[in-house]
Amino acid sequence: MFSVRLGYACINVTLGPRARTSRTCRISNATPHRLEDLARANLVGLAEVLRWNMAHKIKVFRISSGIIPLASHPLAQWPWKERLSREISSIGDYAKEHNLRLSMHPGQYTVLNSPKKEVLAASKAELSYHAELLDEMGLSSQHKVILHVGGVYGDRETSLRRFQKNFRMLPRTVRNRLAIENDERSYDVDSVLNLCNSLDMPMVFDYLHYKAYNSSPLRASFLDQVYSTWTARDGRPELHYSTQRRRARKGAHADTIDTRDFMRFLKILPKHDIDVMLEAKAKDAALIRLRNELRSRWSPTDVIIE
DNA sequence: TCTGGTCAAGGTGGT
DNA sequence: ACCACCTTGACCAGA
């Protein structure tokens, strides 16, 4: 018997615009006062989304990187941690009280293995912001910041070594938060698994990226190796799952999750508790639809869908 | 109130 | 060489 908890990323489409969590502004309009108003409104939105999630028994959620707008930008600095400490810690308290799993996923501009020192510096600042936000919430290192390896720059091996070197230079508090995810064209599951083993980091397995990159069928023994990168400090393994959008670029997310395909995926899984982050354009609505369909069409004896 | 151009930012792949 | 695309759309000026 094992448990699969479902989650979704960043946006709740049911609650509507009031519960947005990524209000932002342009650098040209950014003042400390304005940034603070936006961030505070975003945190109110996040609290509302988390309450909605609890009312719908959803315990896994990705916090938008835009929750503190422009947080790592050198021209938009203000003491957000002090100014919003009450709001941030109250969200953390709520998450701990209800045993929520929160994660974050910096965007494509965060490239830890870039050969350019300005890009590396900006990436370090962005990773620190992510880690500091979760730290301020008082959340353990089970609440992850999930990163891709980055660019290839014509030489995958050298670029992997540069990732290792730069990773080792990060503060411990940031390193303990990080997990690495396979992508759809540069670093496949094998290279990310090797990298994670060499750095003692957990690996996030992304199903759609795997399918886009690899032609071989997924095996439970491979997922066992992925799961073994997660220690007690990291919590249960987190996986990403999405359905390919029809007649679209390879790797494009569909609006919803294909239920039959997800059922096949469940049957492959090792008997181990996990969290699955669903990446679908319909967000919370896609999660609820999938969960309802699973419950009505399938009565497994060894999996609990939460 | 709506819309099209633009926004902090990097790297890749298709033309 | 240029452009669209992506994580996670959202802002804003001009109508």
Side-chain angles (χ1 to χ4, degrees), chain A residues 7-13 16-31 34-35 37-39 41-42 45-46 49 61-78 102-130 133 144-156 158-160 162-163 166 178-188 204 206 208-209 212-213 238 240 242 244-245 247-255 277-284 286:
Chain A
Y8 67 100
C10 302
I11 294 169
N12 181 297
V13 299
R18 205 183 63 260
R20 268 178 313 149
T21 62
S22 55
R23 295 169 187 82
T24 185
C25 67
R26 302 293 155 84
I27 275 287
S28 57
N29 299 325
T31 62
R34 182 159 196 184
L35 291 167
D37 283 349
L38 292 165
N42 287 341
L46 176 59
V49 170
F61 185 70
R62 179 189 301 163
I63 299 173
S64 167
S65 297
I67 186 120
I68 311 291
L70 305 171
S72 72
H73 196 287
L75 298 180
Q77 289 308 297
W78 58 289
L102 302 179
S103 62
M104 299 185 78
H105 191 16
Q108 67 269 39
Y109 302 107
T110 305
V111 189
L112 190 56
N113 76 343
S114 175
K116 298 178 196 166
K117 68 177 192 306
E118 307 79 32
V119 176
L120 175 60
S123 299
K124 283 178 172 174
E126 183 71 352
L127 291 176
S128 293
Y129 147 62
H130 282 76
L133 180 68
K144 291 298 181 190
V145 174
I146 298 163
L147 188 65
H148 292 289
V149 181
V152 174
Y153 311 98
D155 181 350
R156 195 172 270 99
T158 303
S159 299
L160 279 164
R162 197 166 47 245
F163 184 97
N166 293 343
L178 291 185
I180 316 179
E181 177 186 348
N182 59 297
D183 65 63
E184 66 199 53
R185 61 168 168 256
S186 301
Y187 295 94
D188 74 348
V204 171
D206 185 294
L208 187 62
H209 292 160
Y213 206 141
E238 177 166 332
H240 290 179
S242 48
Q244 173 67 43
R245 175 181 290 277
R247 295 180 298 277
R249 178 192 58 82
K250 209 170 193 189
H253 295 163
D255 290 340
M277 178 65 66
L278 302 174
E279 295 173 320
K281 296 292 179 198
K283 304 291 179 182
D284 51 300

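Computed from a prediction, not measured in an experiment: that's the story for all the values here. Each chain gets a letter, A, B and so on, in the order the sequences are listed, and its residues count up from 1.
- Evaluation of A/Y109 against the base of B/dA9 yields a stacking contact (centre distance < 5.5 Å, interplanar angle < 30°).
- The side chain of A/H253 has C/dT7 as its nearest neighbour among B/dA9, B/dG11, C/dT7.
- Interface remark: the A/S65 side chain does form a donor-acceptor pair with the C/dT8 base, using a distance-only criterion of under 3.5 Å.
- Atom CD in A/Q108 sits about 13 Å away from atom P in B/dT12, given to the nearest Å.
- A/L75 comes within 4.0 angstrom of no nucleic acid atom, judged by non-hydrogen atoms across all strands.
- Evaluation of atom-type donor-acceptor distances gives a pair under 3.5 Å for the side chain of A/R26 against the base of B/dT6.
- Across all strands, A/G66 comes closer than 4.0 Å to no nucleic acid atom at all (heavy-atom distances).
- Between A/N113 atom CG and B/dG10 atom P there is a gap of 14 Å when expressed in whole angstrom units.
- Side-chain contact between A/S159 and A/Y187 is present, with heavy atoms from C-beta onward closer than 4.5 Å.
- OP1 or OP2 of B/dG11 sits under 4.0 Å from a side-chain N or O of A/K116.
- The aromatic rings of A/H105 and A/H148 sit tilted relative to each other, their planes meeting at an angle between 30° and 60°.
- Between A/R34 and C/dC12 there is a side-chain polar atom (N or O) within less than 4.0 angstrom of OP1 or OP2.
- At the heavy-atom level, A/S123 lies nowhere under 4.0 Å from the strands shown.
- Between C/dT8, B/dT6, B/dG10, one nucleotide has an atom nearer to the side chain of A/V119 than all others, and that is B/dG10.
- Nearest to the side-chain atoms of A/S186 among the listed nucleotides B/dT12, C/dT7, C/dC12 stands B/dT12.
- Pair assignment for C/dT7 gives none, since no Watson-Crick or G-U wobble pairing has each distance under 3.5 Å.
- Heavy atoms of A/K250 sit nowhere under 4.0 angstrom from any nucleic acid atom.
- Within the nucleic acid shown, A/S64 has no heavy atom closer than 4.0 Å to any nucleic acid atom.
- Both distances falling under 3.5 Å, in either a Watson-Crick or a G-U wobble arrangement, occur for no nucleotide opposite B/dA9.
- Separating the CZ atom of A/R185 from the C1' atom of B/dG10 is a distance of 11 Å, rounded to the nearest angstrom.
- Residue contacts shown for A/I27 are limited to sugar-phosphate atoms, with no base heavy atom under 4.0 Å away.
- Within the 4.0 Å cut-off from OP1 or OP2 of C/dG9, not a single side-chain nitrogen or oxygen of A/S22 is found.
- Listed pair A/R62 / C/dT8 meets the phosphate criterion, a side-chain N or O lying under 4.0 Å from OP1 or OP2.
- The listed nucleotides are B/dA8, C/dC12, C/dT7; the one nearest the side chain of A/C25 is C/dC12.
- Listed nucleotides C/dC11, B/dG10, C/dT8 differ in distance to A/C10; the shortest reach to its side chain belongs to C/dT8.
- For A/N29, counting side-chain heavy atoms from C-beta on, the closest listed nucleotide (C/dC6, C/dC12, B/dA8) is C/dC12.
- The nearest whole Å value for the distance from the CG atom in A/N182 to the C1' atom in C/dC6 is 16 Å.
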